[in-house]
Asks: 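The structure's right below; bear with me while I get my questions together.
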Amino acid sequence: PNGGGCGSCGCGTDGCSTSSGPRLSPSTTAAGFPSTPADTPLAALSWPKDRPAQDPEIILAEAYIESLRHRNLKVFIQGEEVSEFVDHPIVWPSVNALAETYRLAQDNPSLGSAIGFSGVRMSRFLHICESPEDLVLQSQMQREMGRRTGTCFQRCVGQDACNAMWSTTFDIDRQCGTSYHGRFKDFMTMAQRRNIVIGGAMTDVKGDRNLTPSQQEDPDLFCRIVRRRPDGGIVLRGCKAHQTGTLNSHWMIVMPGGKLDKADKDYAVACAIPIEAPGITYIYGRQSCDLRAMEGSEIDQGNAKYGGQETLVIFEDVEVPAEYVFMDGEVDFTQSLVERFTAYHRRSYICKAGLGDVMLGAAATVSDYNGTSKASHVKDKLVEIAYLNENIAGTALAASYGGKATPSGNFL
């Protein structure tokens with residue numbers, strides 16, 4: 001089927017990078033990197049390097065795009081409810097940008113894909129990092145995706161949430177005797193086998209920043225547990241703001257947005273929720289030049305092929321089964337979860353170096369068109385862009401190369 005009203009791959013323009021058929025081949029492993037310590041849970045799960053990997057449920061970009069349709073979501077765009085958002089002219093560029101992660105996995109499997117502990121070769125964005133090499137490959141992949149799309153491709157939050165939750169659930173279980181880590185392992189096994197997109201939901205609306213969540217006049221300005229069921233399930237209410245790529249995901253991982261105290265126990269919640277879960281409303285955010293996509297012009301649309309996406313996510317008594325609950329009131333671990341996510345996510349901004357590469361090329365091209373490429377002040381600006389790009393990339397790669405193993409076995 002047509003993927004968004006475009007050509008065979010749904011890219012909408014010439015120069016598509018999709019290959020003619022599924023092609024997921026093994027990657028090579030560089031020598032000299034430390035690997036997951038043998039006495040950790042992740043080491044026990046790690047897929048043997050000499051064992052063939054399986055193919056996931058979703059491989060190609062076209063299949064991913066089709067998986068976003070017919071999900072009965074409650075979505076509002078520009079004040080109007082939209083039943084099917086994929087082909088909406090404002091939304092389509094963001095769908096296509098995320099679909100490019102699947103195309104990268106086809107074009108360059110060593111960079112865009114990885115073999116998870118599930119034994120499936122899936123997107124590297126779903127990989128639980130087993131070495132500094134995995135962290136480095138994540139960084140290199142993110143810069144390449146920035147170059148390919150020139151925008152936000154919406155998978156870094158989910159990638160970083162998965163790795164932060166992996167080690168945090170292990171630590172909670174070890175101290176509190178809970179069973180969160182096993183649940184999270186099972187969830188990630190499902191995600192890897194299907195090769196789905198996981199989004200992250202951390203930023204709360206917050207209200208009065210001088211007050212804690214439980215002190216707010218409106219208790220739903222932060223996401224919270226309003227009921228706990230006898231079987232271990234929970235019911236959520238509240239709101240998350242500025243959520244990247246939520247509509248283009250299949251599941252989201254909800255996390256607390258900061259350190260919490262005992263009085264805020266109901267706000268110390270982490271769980272996985274399918275995007276189409278009943279009780280969720282999505283309000284689509286604005287993008288630069290977004291209304292130009294509605295005007296029908298073939299020019300002057302900015303980045304017409306690719307785009308970002310953020311939504312306001314409202315939870316109204318959303319039920320979460322016990323198997324998808326990974327934190328329920330353990331306030332002592334909220335700070336470490338946020339710190340670990342932040343450590344991954346600040347490094348993830350190497351994607352901006354990829355965007356900067358696009359901007360550098362565009363600026364150089366414009367200067368050529370205008371006959372100013374030899375002007376000293378123009379050359380100085382181009383050099384400064386290149387300098388900033390490499391500064392961003394260098395610090396991100398240094399952090400990746402310096403990654404250390406956590407007690408759970410993954411690298412941070």
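Everything numeric here is computed off the predicted structure, so don't read it as measured data.
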Asks: Is the shortest side-chain heavy-atom distance between Met252 and Val313 below 4.5 Å?
Replies: yes
Asks: Taking Thr334 for its side chain and Leu260 for its backbone only, find out whether a donor-acceptor pair lies under 3.5 Å.
Replies: yes
Asks: Start with the C-alpha gap between Met294 and Ile90, add the side-chain angles, then the distance that decides, and say whether side chain to side chain contact (heavy atoms under 4.5 Å, CB included) holds.
Replies: CA-CA 7 Å; Met294 304 285 289; Ile90 289 178; 3.8 Å; yes
Asks: Please report the closest heavy-atom contact between Asn248 and Tyr64, naming both atoms and the distance.
Replies: O-OH, 2.7 Å
Asks: Not counting sequence neighbours, list each pair that qualifies as a salt bridge (charged side-chain N to carboxylate O under 4.0 Å, His left out) and has a residue in residues 313-328.
Replies: Arg228-Asp328, Arg229-Glu319, Arg237-Asp317
Asks: Could you walk me through whether Trp92 and Val86 pass the side chain to side chain contact (heavy atoms under 4.5 Å, CB included) check?
Replies: CA-CA 6 Å; Trp92 167 249; Val86 173; 4.3 Å; yes
Asks: Ignoring hydrogens, what is the shortest heavy-atom contact between Pro256 and Ala270? Give both atom names and the distance.
Replies: CD-CB, 4.4 Å
Asks: From Ser179 OG over to Asp173 CG, what is the distance, rounded to the nearest 0.5 angstrom?
Replies: 6.5 Å
Asks: Hey, does the side chain of Thr36 reach the backbone of Glu130 with a donor-acceptor pair shorter than 3.5 angstrom?
Replies: yes
Asks: I'd like to know whether Ser123 forms a side-chain hydrogen bond (donor to acceptor under 3.5 Å, both in side chains) with Asn195, so could you lay out the CA-CA distance, the side-chain angles of the two residues, the decisive distance to 0.1 Å, and finally the verdict.
Replies: CA-CA 7 Å; Ser123 171; Asn195 199 21; 4.9 Å; no
Asks: Taking the side chain as every heavy atom from C-beta outward, state whether Phe187 and Trp251 have any atom pair closer than 4.5 Å.
Replies: yes
Asks: Checking the side chain of Arg183 only, and the main-chain atoms of Val325 only, is there a donor and an acceptor separated by less than 3.5 Å?
Replies: yes
Asks: Answer yes or no: is there a donor N or O on one side and an acceptor on the other, between the side chain of Arg124 and the main chain of Ser110, under 3.5 Å?
Replies: yes
Asks: First locate atom CD1 of Ile128, then atom NZ of Lys185, and finally report the distance between them rounded to the nearest 0.5 Å.
Replies: 12.5 Å
Asks: Calculate, to the nearest 0.5 Å, the distance between atoms CE and CZ belonging to Met255 and Arg340 respectively.
Replies: 13.5 Å
Asks: If you define the side chain from C-beta out and look only at heavy atoms, does anything of Arg143 sit under 4.5 Å from Ile350?
Replies: yes
Asks: Inspect the surroundings of CD in Gln175 and state if more than 12 heavy atoms from other residues, nucleotides or ligands are less than 6.0 Å away.
Replies: no
Asks: Output every pair passing salt bridge (charged side-chain N to carboxylate O under 4.0 Å, His left out) with a member in residues 201-218, not counting sequence neighbours, ordered by first then second residue.
Replies: Asp204-Lys240
Asks: Could you tell me the separation between the SG atom of Cys156 and the OH atom of Tyr349, rounded to the nearest 0.5 Å?
Replies: 8.5 Å
Asks: Quick check: do Leu397 and Val136 have side-chain heavy atoms less than 4.5 Å from each other?
Replies: yes
Asks: Quick one: closest heavy-atom pair of Ser94 and Val91, and the distance?
Replies: OG-O, 2.7 Å
Asks: Before you tell me yes or no, could you show the steps for Arg347 and Gln138 under side-chain hydrogen bond (donor to acceptor under 3.5 Å, both in side chains), namely the whole-Å CA-CA distance, both residues' side-chain angles and the distance that decides it to 0.1 Å?
Replies: CA-CA 10 Å; Arg347 173 205 58 126; Gln138 279 184 348; 2.7 Å; yes
Asks: Heavy-atom distance under 4.5 Å between the side chains of Val320 and Phe326, does that happen here?
Replies: no
Asks: To the nearest 0.5 Å, what is the distance between OG (Ser336) and NZ (Lys259)?
Replies: 11.0 Å
Asks: In terms of the angle between their ring planes, are His181 and Phe170 parallel, tilted or perpendicular, with boundaries placed at 30° and 60°?
Replies: perpendicular
Asks: Distance-only, no hydrogens or angles: does the Gln216 side chain make a donor-acceptor pair with backbone N or O of Leu211 under 3.5 Å?
Replies: yes
Asks: Evaluate Thr151 against Thr149 for side-chain hydrogen bond (donor to acceptor under 3.5 Å, both in side chains), listing each step before the verdict.
Replies: CA-CA 5 Å; Thr151 189; Thr149 63; 5.8 Å; no
Asks: What salt bridge (charged side-chain N to carboxylate O under 4.0 Å, His left out) pairs are there with at least one residue in residues 393-412, not counting sequence neighbours?
Replies: none
Asks: Is a side-chain donor or acceptor of Asp357 paired with a backbone partner of Arg147 at a separation under 3.5 angstrom?
Replies: no
Asks: Determine whether Asp87 and Arg69 satisfy the following criterion, salt bridge (charged side-chain N to carboxylate O under 4.0 Å, His left out), listing intermediate values before the conclusion.
Replies: CA-CA 9 Å; Asp87 299 309; Arg69 303 183 190 277; 2.7 Å; yes
Asks: Check the pair Leu126, Arg155 against side chain to side chain contact (heavy atoms under 4.5 Å, CB included), reporting the backbone distance first and the verdict last.
Replies: CA-CA 9 Å; Leu126 292 171; Arg155 297 199 69 170; 4.0 Å; yes
Asks: Measuring only between side-chain heavy atoms, which start at C-beta, is Thr406 closer than 4.5 Å to Asp171?
Replies: no
Asks: For atom CG of Asp231, is the number of surrounding heavy atoms from other residues, nucleotides or ligands below 6.0 Å larger than 12?
Replies: yes
Asks: Tell me whether the count of non-hydrogen atoms from other residues, nucleotides or ligands lying under 6.0 Å of CD in Glu81 goes above 12.
Replies: yes
Asks: Start with the C-alpha distance between Leu291 and Arg286, add both sets of side-chain angles, then the distance that settles side chain to side chain contact (heavy atoms under 4.5 Å, CB included), and finish with yes or no.
Replies: CA-CA 9 Å; Leu291 292 182; Arg286 299 299 304 271; 3.6 Å; yes
Asks: What residues form a side chain to side chain contact (heavy atoms under 4.5 Å, CB included) with Ala364, not counting sequence neighbours?
Replies: Leu382
Asks: State whether the side chain of Gln154 and the backbone N or O of Cys152 hold a donor-acceptor pair below 3.5 Å, judged by distance alone.
Replies: yes
Asks: Between NE2 of His127 and OG of Ser118, what distance do you get to the nearest 0.5 Å?
Replies: 10.0 Å
Asks: Okay, side chain of Ser400, backbone of Ala396: is any donor-acceptor separation there less than 3.5 Å?
Replies: yes
Asks: Would a 4.5 Å heavy-atom cut-off, applied to side chains only, mark Thr168 and Phe184 as touching?
Replies: no
Asks: Between Ile172 and Met327, what is the shortest heavy-atom contact and its length?
Replies: CD1-CE, 3.9 Å
Asks: Without swapping roles, check the side chain of Tyr284 against the backbone of Leu247 for a donor-acceptor pair under 3.5 Å.
Replies: no
Asks: Who pairs with Glu84 by salt bridge (Lys or Arg N to Asp or Glu O under 4.0 Å), at least two apart in sequence or on another chain?
Replies: none
Asks: Restricting to non-hydrogen atoms, name the atom on Ser249 and the atom on Leu68 that form the minimum distance, rounded to 0.1 Å.
Replies: O-CD2, 4.4 Å
Asks: Under a 3.5 Å distance rule, please check whether Asn410 uses its side chain to pair with a backbone N or O of Asn163 as donor and acceptor.
Replies: yes
Asks: Does the side chain of Thr189 come within less than 4.5 Å of Phe117's, by heavy atoms?
Replies: yes
Asks: By salt bridge (Lys or Arg N to Asp or Glu O under 4.0 Å), which residues pair with Arg292, not counting sequence neighbours?
Replies: Asp300
Asks: If you take all heavy atoms of Ala99 and Ala61, which pair is closest and at what distance?
Replies: O-CB, 3.7 Å
